[in-house]
2 protein chains.
Amino acid sequence: MSNIRIGIVGYGNLGKGVELAIRCNPDTSLAFVATRRDPATVQLKTDNVPVYRYADLANHTADADVVIVCGGSATDLPQQTPELAKLFNVVDSFDTHARIPEHFAKVDAAAKESGHVAMISVGWDPGMFSLARLYGNCILPDGKDYTFWGKGVSQGHSDAIRRVNGVQDGKQYTVPIEAAMDAVRRGEQPELTTRQKHLRECYVVAKPDADRKQIEHDIKTMPNYFDEYDTVVHFISQEELNRDHAGIPHGGFVMRSGKSGENGEHKHLIEYSLKLDSNPEFTTNVLVAFARAAARLAAEKATGCKTVFDIAPAYLSPLSGEEIRAHLL
Amino acid sequence: MSNIRIGIVGYGNLGKGVELAIRCNPDTSLAFVATRRDPATVQLKTDNVPVYRYADLANHTADADVVIVCGGSATDLPQQTPELAKLFNVVDSFDTHARIPEHFAKVDAAAKESGHVAMISVGWDPGMFSLARLYGNCILPDGKDYTFWGKGVSQGHSDAIRRVNGVQDGKQYTVPIEAAMDAVRRGEQPELTTRQKHLRECYVVAKPDADRKQIEHDIKTMPNYFDEYDTVVHFISQEELNRDHAGIPHGGFVMRSGKSGENGEHKHLIEYSLKLDSNPEFTTNVLVAFARAAARLAAEKATGCKTVFDIAPAYLSPLSGEEIRAHLL
């Protein structure tokens with residue numbers, strides 16, 4: 001398949017990232033963008049690509065080989081992915097880990113009924129980190145898993161800071177703790193508490209007359225978000241926040257520490273890490289690679305819901321089997 | 001499949017490693033070991049397992065679901081893997097990168113003719129490192145690959161040292177150069193020469209009256225093995241070599257440095273690394289995980305030659321699809 005026509009549903013950070021990722025993958029093209037907004041208000045970065053209303057998508061099922069659903073996991077994807085799987089082959093980045101089995105079941109039913117391929121939870125975690133965990137578990141069955149996130153911006157924690165009384169703006173970085181990672185790398189297989197694994201670093205712009213001591217206290221004691229962590233709060237100006245913290249970097253580390261030998265005398269460490277300047281753009285690059293696989297599986301008449309675990313890596317590459325064996329094996 | 005019966009062909013470092021790896025994978029069992037030596041001279045670590053003559057294997061095709069071919073890539077595997085693929089589902093660790101296409105073609109013909117599954121080039125490089133390269137290329141198409149090996153023992157270079165006039169014994173470590181790795185990690189995408197990527201460190205036991213200056217010169221100027229590298233030669237005693245350099249550690253790093261954004265303004269780094277106390281034992285752990293996949297593919301009536309690129313990761317795990325989605329995704 002030399003031209004995989006990709007439709008984008010939702011034109012926020014992720015949708016825009018998919019549009020850019022398609023430019024780097026010459027065997028793909030942008031078929032359309034669909035939005036729940038008024039299409040006239042959406043200005044694409046690509047010329048001559050139609051913008052459709054979400055509600056009209058049933059009229060455009062022949063226009064795309066696969067649709068990437070670029071909504072949020074809280075409310076958009078649980079509704080849209082099963083809905084769209086009735087019309088198209090779809091890929092999404094559903095990332096609420098605890099609700100994946102439920103999402104899988106709904107999407108699987110819709111995709112099987114309509115004869116489509118649907119891939120869910122594609123991105124880096126879930127996604128590439130999940131693959132690192134699975135490969136690590138299979139290769140070192142006598143071992144232990146560790147996932148560290150960061151240094152990077154947590155959208156959820158940044159939103160939580162901004163809801164605190166007296167806060168004008170703010171950004172939160174999740175920071176993995178070096179000492180914990182080094183203990184894992186030495187093969188010590190430590191038991192680590194939440195506090196021992198990550199630090200939470202907050203950059204906060206206070207409102208003019210706000211009580212900074214109170215803000216700091218309210219952040220540090222916030223249940224679920226901050227109370228189980230060591231949290232550092234820096235007060236800065238809006239100018240500093242805009243200048244120094246405008247990006248959306250992220251990343252992290254998946255480690256598998258294991259043993260082999262007659263008495264477990266040989267230690268092994270597998271480490272997979274990501275360092276990303278743009279969390280959404282990296283995620284969309286992963287989405288486009290898996291969209292290629294979805295289109296290929298659909299061409300082979302596969303149906304139903306898949307995850308990254310179900311995709312033979314060769315399906316992700318624009319190159320032939322001969323080429324990848326000759327150059328990448 | 002709750003009991004995958006694995007046969008081992010060849011009982012050197014790799015064969016012994018497979019025997020130990022099977023113990024850590026409760027859904028597998030050791031069916032037999034086959035050898036070209038006199039079976040009476042082979043003492044297994046596992047009780048009540050038969051040792052067969054290689055030449056008699058045609059009589060035992062019903063005894064194993066998959067056979068792991070544990071020979072060397074220079075002469076054993078090019079002959080044995082195609083031969084055995086006529087009798088069994090097979091997995092090997094063929095690692096002569098330049099000859100993989102030729103090996104693939106021969107094994108594929110044999111496996112297709114006899115209706116078996118054959119997996120070649122399974123291990124860590126080729127193998128897990130190949131997967132890291134493929135995933136990295138597909139996710140960051142606008143990028144550059146780097147593979148660094150070590151710190152670890154190179155068997156080929158150690159053998160080369162031991163052939164030098166005046167050398168009694170020796171061991172060679174391949175050492176990746178930190179400064180080069182750091183430049184890659186900073187996203188500089190440097191062009192690196194052979195010399196800039198790896199250092200060769202040799203521990204040499206000289207014969208009593210040997211000319212050490214001459215030995216050092218002969219090693220450092222040896223074509224293909226050492227002349228393109230910076231090489232360090234340490235003279236030590238046989239006792240020191242035996243005490244401090246008896247292990248077979250290895251490892252390395254696969255990095256993909258890439259860009260995204262409208263003008264490539266966002267840098268991304270994917271890094272996959274291994275730190276292994278025992279090179280052969282880690283390799284055999286990989287072999288056993290892929291043997292599980294081979295047995296499953298064979299049960300689905302697949303045939304022909306496969307590589308790690310062709311295996312959906314879920315096939316490597318003893319857990320069900322539901323379990324891996326719930327716990328590892």
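A, B, ... follow the sequence lines: proteins, then strands. Residue 1 opens every chain.
- With a threshold of 4.5 angstrom between heavy atoms, B:L131 approaches chain A through side-chain atoms but not through N, CA, C or O.
- Contact count versus chain B (heavy atoms, under 4.5 Å) is highest, among A:G17, A:G127, A:P141, for A:P141.
- Looking only at distances, no side-chain donor or acceptor of A:E271 sits under 3.5 Å from a matching main-chain atom of B:S273.
- Per-residue counts of heavy-atom pairs under 4.5 Å with chain B were compared for A:C138, A:A312, A:P313; the largest is that of A:P313.
- For B:M255, no part lies under 4.5 angstrom from a heavy atom of chain A.
- Between B:I139 and the options A:V288, A:V286, A:L316, a side chain to side chain contact (heavy atoms under 4.5 Å, CB included) holds for only A:V286.
- With a threshold of 4.5 angstrom between heavy atoms, A:S260 approaches chain B through its backbone and through its side chain.
- Only the side chain of B:F104 has a heavy atom closer than 4.5 Å to any heavy atom of chain A.
- Using a 4.5 Å cut-off between heavy atoms, B:K45 contacts chain A through its side chain alone, with no backbone atom that close.
- Considering CG of A:D310 and CZ of B:R325, their distance stands at 7.0 Å, rounded to 0.5 Å.
- For chain A, the nearby part of B:I100 is the side chain; its heavy atoms alone come within less than 4.5 Å.
- Within the 4.5 angstrom heavy-atom criterion, atoms from both the backbone and the side chain of B:V308 approach chain A.
- Put simply, the residue from A:P280, A:S278, A:P249 that forms a side chain to side chain contact (heavy atoms under 4.5 Å, CB included) with B:H266 is A:S278.
- For chain A, the nearby parts of B:Y272 are the backbone and the side chain; heavy atoms of each come within less than 4.5 Å.
- Contacts of B:S317 with chain A are made by both backbone and side-chain atoms, with heavy-atom separations under 4.5 Å.
- Contacts with chain B were tallied for A:L276, A:L269, A:L329; A:L329 has the most, counting heavy-atom pairs under 4.5 Å.
- Contacts of B:L140 with chain A are made by both backbone and side-chain atoms, with heavy-atom separations under 4.5 Å.
- Side chains of A:E262 and B:L20 form a contact here, defined as non-hydrogen atoms less than 4.5 Å apart.
- For B:R185, the part lying under 4.5 angstrom from a heavy atom of chain A is the backbone only.
- Residues A:I324 and B:N137 are not in side-chain contact: their nearest non-hydrogen atoms beyond the backbone lie 4.5 Å or more apart.
- No more than 12 heavy-atom neighbours from other residues, nucleotides or ligands sit within 6.0 angstrom of CD on A:Q43.
- Here A:Y135 is the residue among A:F290, A:Y315, A:Y135, A:F253 with the most heavy-atom pairs under 4.5 Å with chain B.
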